[in-house]
Enquirer: 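Pasting a structure below so you can have a look.
Every heavy atom of this structure was used, including side-chain atoms; hydrogens, water molecules and symmetry mates were not. Quick caveat: nothing in here was measured; it's all calculated off a predicted structure. Throughout, a chain's letter reflects where its sequence line sits, starting with A, and its residues are numbered from 1.
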2 protein chains.
Amino acid sequence: MSRKRITSKELAELVGVSSATISRAFSPDARIGEETRSRILAAARKYGYQPNAIARSLNNQRSRLVAVVVNAIGNPCEAEEQQLLVHALQARQLLPIILCCGDHSDRLQLMRLAATYQVDHVVIFSDMVSLRDAVDIFPTTKPIIVSFEPLDNEEVSAIRIDGSAAADEVVDRLVANGKSRFTYLSGTSSSWIDKLRRKWFADALARRGLAFVAEATGTYSYDSGFKEAVPLVHRSKADAIICGNDVMAIGARDAVKRVLGKSAPDDVAIVGQDGIAMAAWDCHDLTTLSLDHVAFINAVVELIERHEAGDDKPDTITLTCSIRWGATA
Amino acid sequence: MSRKRITSKELAELVGVSSATISRAFSPDARIGEETRSRILAAARKYGYQPNAIARSLNNQRSRLVAVVVNAIGNPCEAEEQQLLVHALQARQLLPIILCCGDHSDRLQLMRLAATYQVDHVVIFSDMVSLRDAVDIFPTTKPIIVSFEPLDNEEVSAIRIDGSAAADEVVDRLVANGKSRFTYLSGTSSSWIDKLRRKWFADALARRGLAFVAEATGTYSYDSGFKEAVPLVHRSKADAIICGNDVMAIGARDAVKRVLGKSAPDDVAIVGQDGIAMAAWDCHDLTTLSLDHVAFINAVVELIERHEAGDDKPDTITLTCSIRWGATA
DNA sequence: CACCGTTGTGCAAACGTGTACACAGACGCG
DNA sequence: CGCGTCTGTGTACACGTTTGCACAACGGTG
């Protein structure tokens, strides 16, 4: 058991070449004799040599690390995108460093720590972190890829999401089914994406001379959906609840059924947002504004590839939401 | 906008000291004048200087990176543990590199890539990767922390899980409720943890002179639980299904209710394993063998802290499962 | 004053790569 | 043969830190 990792100079000694030649053997398009290369690779396998990526990063000025800033890992709302992104990165020999910024803790400190590792790219899924801070903390050539919607900024690439058309269609159908007392259950009052999502529906209602008759704020969790739904319906006699995400919608639906004894589509319509896989489960069958997660991550990856290729010009990509019609609205 | 990151030597020039002194200013217990330190820290803030962690890692031989090997990110079964672990690492100024090994792809290649980054610790949540490979790929002083159960190996620390007592109690109650035709729905045939979980229940049954009357294999997913449950019950007239994880149990329960038209606790009892948060949702209220995720991650973190402190002696910690009684059994 | 311990700082050498430059040999061509 | 081109390799430096060693300045003690 070799406790210590072997270095390129030591391997060079063993093979009888210089350490530069070792390096060349691992560089696909370097000038090196075919015979020498295979001799080196054989020896490398034998002694378990692998080039040290830390040293390489220092020399190259490229770490092949990517900071991925998220709210939380378990959260189903983001989990599918995280999974897809990590796979896409790994396929490109990039390694993700996950930063969980969801809770109270000092996110800025955390991002600064990641910045010291000279990450090549930064992908921000969390709208808990302000664009300003992100630009401050990662000032280096490699710009930032941000999802969701703060104000415009020339220095970052962004992916925008537009669900206004889908929201319009949902409201249309609900009104046709006789709904008129709409309420909104938001996930947090402080996030841009939450305001944006609410606005899609508020605008759709306004276009028909309607408005939310009541609102409440939860925490994006099942429990908060469950807890907030009851008083919300009580005090407003709501016949429709639009939720800030799918998990809260599931919670609200449970509360409406179990606590209030009302039926989900008929007495109170419930609409989620995200389009998580769970929404399609038989026990939920949730109507929800759904984002195409694959397209979303493809957009992110496309931006990353441009950065890899040296194109630093920021760009904005906009995706639209589709609707998954379920049994709840 | 400074496109380029400032280096310690440049800052030294600016402040009028040597780069060594810069380094000392950031090292809490270094010999340096109080006045000099504050002057340096002020200048660092002004010019946005942060020590380069890559260079430091090269010098220190410690990267403060941790490889976390998982099956998938979205997977609720592991998500809670991942979340807790990432938080614990971040609190200790360690950064996690996530490796998703769940799918077919070349996991070994992926792990080798992470190994080149000289990670300080390796935490393996995935039982898709063999212990042998792990030891091969991360031979360096810092040993490996593995969860779940392959055969014994002297070189790694492990966390074992024992649900036999809990399984026994569950079987007890089911038998008392008149159940006798038990079936098992496993998540995959190839994983150690799956075999182990099945064995807990098989042993509990054997102790009462019973055995599984039928078995099936899914993929740990909701869909596979839904799909496998129907033929399983049909061909065996089962009155109890023990599932390899909670998500499959939820799928099985839906199938039993919707497709077969049977009621969950009375006609067919359903038991999950994992104790994911979702199991407690009102719409599921699943009976499940539950692991204390916090205790689990505390154990992992304890091992990591020992390694940090330089104690390389491997150790094994065993945790027991508790039972969450729900409405499904 | 001679001596010594303490404090603050600079010099220089690592850490393990990648790569520009130099150079030796082989080869082709006039 | 003389010359230019191409191939394969070595030498040396840079990447940005940390840290052992040396040393100067200083203050206290006999």
Enquirer: Between B/L58 (CG) and C/dT17 (P), how many Å, whole number?
Expert: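 It works out to 9 Å between those atoms.
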
Enquirer: Could you tell me if A/D194 and A/T188 have a donor-acceptor pair between their side chains, going purely by distance under 3.5 Å?
Expert: no

Enquirer: So, is A/Q50 near the phosphate of C/dG16, with a side-chain N or O under 4.0 Å from OP1 or OP2?
Expert: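 For C/dG16, OP1/OP2 do not have a side-chain N/O of A/Q50 under 4.0 Å.
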
Enquirer: May I have the distance from A/N60 (atom CG) to D/dC15 (atom P), rounded to whole angstrom?
Expert: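 The distance from CG of A/N60 to P of D/dC15 comes to 13 Å, rounded to the nearest Å.
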
Enquirer: For B/E35 and for B/N59, find the nucleotide of DNA chain C with the closest heavy atom, then tell me which residue's nucleotide is more 5'.
Expert: B/E35

Enquirer: Once you round it to whole Å, what is the distance between P of C/dG16 and CD1 of B/I54?
Expert: 15 Å

Enquirer: Does A/R62 contact C/dG18 through a side-chain donor or acceptor facing the base, at a distance under 3.5 Å?
Expert: no

Enquirer: Take atom CZ of A/R64 and atom P of C/dT17, then tell me their distance rounded to the nearest Å.
Expert: 18 Å

Enquirer: Taking OP1 and OP2 of D/dT17, is either one under 4.0 Å from a side-chain nitrogen or oxygen of B/T7?
Expert: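 Answer is yes, contact under 4.0 Å.
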
Enquirer: So, is A/S19 near the phosphate of D/dG10, with a side-chain N or O under 4.0 Å from OP1 or OP2?
Expert: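 Result: no.
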
Enquirer: Does the base of C/dG16 carry an N or O that pairs as donor and acceptor with the side chain of A/N52 under 3.5 Å?
Expert: no

Enquirer: Is any NZ, NE, NH1 or NH2 atom of the basic residue among A/E35 and A/R39 found under 4.0 Å from an Asp or Glu carboxylate oxygen of the other?
Expert: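 A salt bridge is present here (some side-chain N lies under 4.0 Å from a carboxylate O).
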
Enquirer: I want to confirm an ordering. Mapping A/A55 and B/G33 to their closest nucleotides on DNA chain C, which one lands closer to the 5' end?
Expert: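 Result: B/G33.
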
Enquirer: Respond yes when some side-chain nitrogen or oxygen of B/T21 is under 4.0 Å from OP1 or OP2 of C/dG10, and no when none is.
Expert: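 Result: yes.
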
Enquirer: Could you give the CZ-to-P distance, from B/R5 to D/dC15, as a whole number of Å?
Expert: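 My rounded result for the distance is 16 Å.
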
Enquirer: Atom CD1 of B/I32 and atom P of D/dA25: how far apart are they, to the nearest Å?
Expert: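 Distance, rounded to whole Å: 19 Å.
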
Enquirer: Say whether A/S157 and A/D315, considering side chains only, have a donor N or O and an acceptor N or O under 3.5 Å apart.
Expert: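 There is no such pair (donor and acceptor under 3.5 Å, judged by atom type) between the side chains of A/S157 and A/D315.
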
Enquirer: Can you tell me if the side-chain N/O atoms of A/S8 get under 4.0 Å from OP1 or OP2 in C/dT17?
Expert: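 A/S8 to C/dT17 OP1/OP2: side-chain N or O found under 4.0 Å.
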
Enquirer: Taking the side chain of A/A20 as heavy atoms from C-beta outward, which of C/dG16, D/dT18, D/dT11 is closest to it?
Expert: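 So the side chain of A/A20 is nearest to D/dT11.
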
Enquirer: Taking the basic N atoms (NZ, or NE/NH1/NH2) and the acidic carboxylate oxygens, is any pair closer than 4.0 Å for B/E13 and B/K9?
Expert: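 The answer is no: the pair does not qualify as a salt bridge.
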
Enquirer: Between A/S57 and A/N60, is any side-chain donor less than 3.5 angstrom from a side-chain acceptor?
Expert: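 Per modelled atom types, A/S57 and A/N60 side chains form no pair under 3.5 Å.
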
Enquirer: What integer distance in Å separates B/I6:CD1 from D/dC15:P?
Expert: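 It is 14 Å, rounded to the nearest whole Å.
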
Enquirer: Examine C/dC15: is either OP1 or OP2 under 4.0 Å from a nitrogen or oxygen in the side chain of B/Q118? Give yes or no.
Expert: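 No.
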
Enquirer: For A/I22 and C/dT17, give me the distance from atom CD1 to atom P, rounded to whole Å.
Expert: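 Value for this atom pair: 9 Å.
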
Enquirer: Among C/dG10, D/dT17, D/dG10, find the nucleotide with the atom closest to the side chain of A/R24.
Expert: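 Selected nucleotide: D/dG10.
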
Enquirer: Would you tell me if any nitrogen or oxygen in the side chain of B/Y49 comes within less than 4.0 Å of OP1 or OP2 on D/dT17?
Expert: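 Yes, B/Y49 has a side-chain N/O under 4.0 Å of OP1/OP2 on D/dT17.
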
Enquirer: When you check the phosphate oxygens OP1 and OP2 of C/dC15, does a side-chain N or O of B/S57 lie under 4.0 Å from one of them?
Expert: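 So the side chain of B/S57 is outside the cut-off, no N or O lying under 4.0 Å from OP1 or OP2 of C/dC15.
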
Enquirer: Taking only N and O in the side chain of A/S18, is any of them less than 4.0 Å away from OP1 or OP2 of D/dT11?
Expert: no

Enquirer: Side chains of B/E308 and B/H121: is there a donor and an acceptor less than 3.5 Å apart?
Expert: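 Looking only at side-chain atoms, B/H121 and B/E308 do form a donor-acceptor pair, the distance falling under 3.5 Å.
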
Enquirer: Is there a side-chain contact between B/R31 and the phosphate of C/dT7, meaning an N or O under 4.0 Å from OP1 or OP2?
Expert: no

